[in-house]
Amino acid sequence: MSTLKVNDIQAATSGNVPVGILQMKHVYLTSSTQLTSAGAFHELSSNLRIAFTPKRASSNLVLEFFAPFICPNSTHLQYAKFFDVTNNAAPGLPPQVGSRDKVHWINRNGQFDANDADVLNMRIVIPAESTDARTYTIYHRTEGVTIQFLVSSTNVAALATMPATFIVTEFAT
């Protein structure tokens with residue numbers, strides 16, 4: 001659990017600059033059709049795109065993505081990152097260290113059976129830097145296994161249909 005620092009409280013209550021949410025856009029994707037993903041980095045779904053124009057260059061953007069998935073009988077690694085389609089770049093990536101992949105999320109499931117479930121849950125905070133329009137999306141890759149989003153392939157009571165939620169929020173700082 002994180003705590004609010006004293007400096008954060010002082011910044012939020014001092015001066016004439018309003019602090020708070022300036023805007024929020026989201027996609028709540030549901031379907032009766034399965035969305036699958038396997039192999040090299042690619043856009044998970046163009047239906048998850050969010051066109052966003054910051055109101056202030058000095059603000060911060062919070063990008064959040066949450067999506068349950070099924071990864072049957074596999075211990076393959078999976079990776080995900082936020083992607084700025086307009087600027088053809090992944091924002092807010094960590095620094096390059098050796099040959100490691102720079103991502104916002106990585107996961108390895110525990111292999112048990114065809115109903116192996118987990119969740120892709122990632123969040124970053126980045127500076128807006130400008131008021132230029134841009135479009136954000138989700139990129140995903142695996143070591144080869146096929147991941148199932150939105151609808152599981154097995155039709156058993158233990159599994160479900162599952163939403164994918166992508167949110168971009170702009171905060172005044």
Side-chain angles (χ1 to χ4, degrees), residues 20-72 74 76-97 99-109 116-153 159-173:
I21 296 174
L22 297 176
Q23 65 175 313
M24 178 186 288
K25 293 191 176 186
H26 76 282
V27 174
Y28 183 75
L29 184 61
T30 63
S31 179
S32 58
T33 304
Q34 186 178 85
L35 171 63
T36 60
S37 178
F41 262 122
H42 61 279
E43 185 173 17
L44 186 57
S45 171
S46 61
N47 292 325
L48 289 167
R49 288 184 177 197
I50 294 179
F52 200 87
T53 304
K55 294 184 182 296
R56 294 185 187 162
S58 62
S59 63
N60 283 319
L61 305 179
V62 179
L63 284 66
E64 302 172 272
F65 184 67
F66 182 88
F69 64 88
I70 307 299
C71 180
S74 176
H76 283 211
L77 288 169
Q78 305 129 49
Y79 308 82
K81 59 186 171 185
F82 296 102
F83 196 79
D84 179 341
V85 177
T86 306
N87 295 301
N88 194 33
L93 286 174
Q96 185 68 49
V97 178
S99 60
R100 295 168 183 87
D101 207 347
K102 297 186 305 180
V103 297
H104 297 121
W105 175 87
I106 186 172
N107 184 64
R108 182 188 304 274
N109 275 52
D116 295 334
D118 212 328
V119 66
L120 195 170
N121 187 18
M122 61 183 180
R123 178 182 306 138
I124 63 169
V125 179
I126 56 173
E129 297 180 338
S130 76
T131 56
D132 296 341
R134 74 280 311 255
T135 299
Y136 293 112
T137 192
I138 307 300
Y139 268 40
H140 184 262
R141 84 171 177 91
T142 73
E143 289 183 313
V145 67
T146 299
I147 305 299
Q148 305 164 13
F149 293 93
L150 305 178
V151 178
S152 61
S153 62
L159 291 181
T161 59
M162 308 155 290
T165 306
F166 183 22
I167 301 170
V168 178
T169 306
E170 181 180 7
F171 284 92
T173 55

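Predicted model, so just to flag it, every value in this text is computed and none were measured.
Between Phe65 and His104 there is no side-chain heavy-atom pair separated by less than 4.5 Å. In this structure the side chain of Phe66 never reaches within 4.5 angstrom of the side chain of Arg123, judged on heavy atoms. Taking the side chain as every heavy atom from C-beta outward, Leu150 and Met162 never approach each other to under 4.5 Å. Proximity of Leu77 to Ile106: side-chain heavy atoms (C-beta onward) are separated by under 4.5 Å at one or more points. For the pair Thr30 and Thr161, the minimum side-chain heavy-atom distance is 4.5 Å or more.
For the atom pair NE2 (His76) and CD1 (Ile147), the distance works out to 9.5 Å, reported to the nearest 0.5 Å. In this structure, CD1 on Ile124 lies 8.5 Å from CG on Leu61, to the nearest 0.5 angstrom. Going from atom NZ of Lys81 over to atom OG1 of Thr137 covers 12.5 Å, rounded to the nearest 0.5 Å. Taking OG1 of Thr142 as the reference point, atom CZ of Phe41 lies at 10.0 Å (rounded to 0.5 Å). To the nearest 0.5 Å, atom CG of residue Leu120 and atom OH of residue Tyr79 are 13.5 Å apart. Atom CG of Asn60 is separated from atom CG of Leu63 by 11.0 Å, given to the nearest 0.5 angstrom.
In this structure, Ser152 and Gln34 approach most closely via the heavy-atom pair C-NE2, 3.5 Å. The two residues Ala133 and Thr53 come nearest to each other via the heavy atoms CB-OG1, 3.3 Å. A pairwise comparison of heavy atoms in Phe69 and Val119 identifies CE2-C, 3.4 Å as the closest pair. Here the closest non-hydrogen pair linking Ala164 and Leu48 is CB-CD2, 4.3 Å. The shortest heavy-atom contact between Ser45 and Leu35 is CB-CD2, 4.0 Å. For the residue pair Ser31 and Thr33, the shortest heavy atom distance occurs at OG-N, 2.9 Å.
When atom types are taken as modelled, the side chain of Thr86 and the backbone of Thr135 share a donor-acceptor pair closer than 3.5 angstrom. Panel note: side chain Thr165, backbone His26; no donor-acceptor pair is recorded below 3.5 Å. A donor-acceptor contact shorter than 3.5 Å is absent between the side chain of Ser130 and the backbone of Ala57. Although no hydrogens or angles enter the test, the distance criterion places no donor-acceptor pair under 3.5 Å between the side chain of Gln148 and the main chain of Thr146.
Relative ring orientation between Phe149 and His140 is described as perpendicular, the plane-to-plane angle rising above 60° on a 0-90° scale split at 30° and 60°. The aromatic rings of Phe82 and Phe166 lie parallel to each other, with less than 30° between the two planes, well short of the 60° mark.
Each of Asn107, Ile138, Val103 was scored for a side-chain contact (heavy atoms from CB on, under 4.5 Å) with Met122, with one residue passing: Ile138.
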Yes or no on side chain to side chain contact (heavy atoms under 4.5 Å, CB included) for Phe171 and Val125, after CA distance, side-chain angles and deciding distance? CA-CA 10 Å; Phe171 284 92; Val125 179; over 6 Å; no
Please walk me through it: do Arg134 and Val168 pass side chain to side chain contact (heavy atoms under 4.5 Å, CB included)? CA-CA 12 Å; Arg134 74 280 311 255; Val168 178; over 6 Å; no
Using side chain to side chain contact (heavy atoms under 4.5 Å, CB included), reason through Glu43 and Tyr139 one step at a time and then give a plain yes or no. CA-CA 4 Å; Glu43 185 173 17; Tyr139 268 40; 3.9 Å; yes
Applying side chain to side chain contact (heavy atoms under 4.5 Å, CB included), run through Val145 and Cys71 and close with a yes or a no. CA-CA 8 Å; Val145 67; Cys71 180; 4.1 Å; yes
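Checked by atom type, the side-chain pair Ser37/His42 shows a donor-acceptor distance below 3.5 Å.
Electrostatic pairing of Glu170 and Arg56 does not count as a salt bridge here, judged by no charged N lying under 4.0 Å from a carboxylate O.
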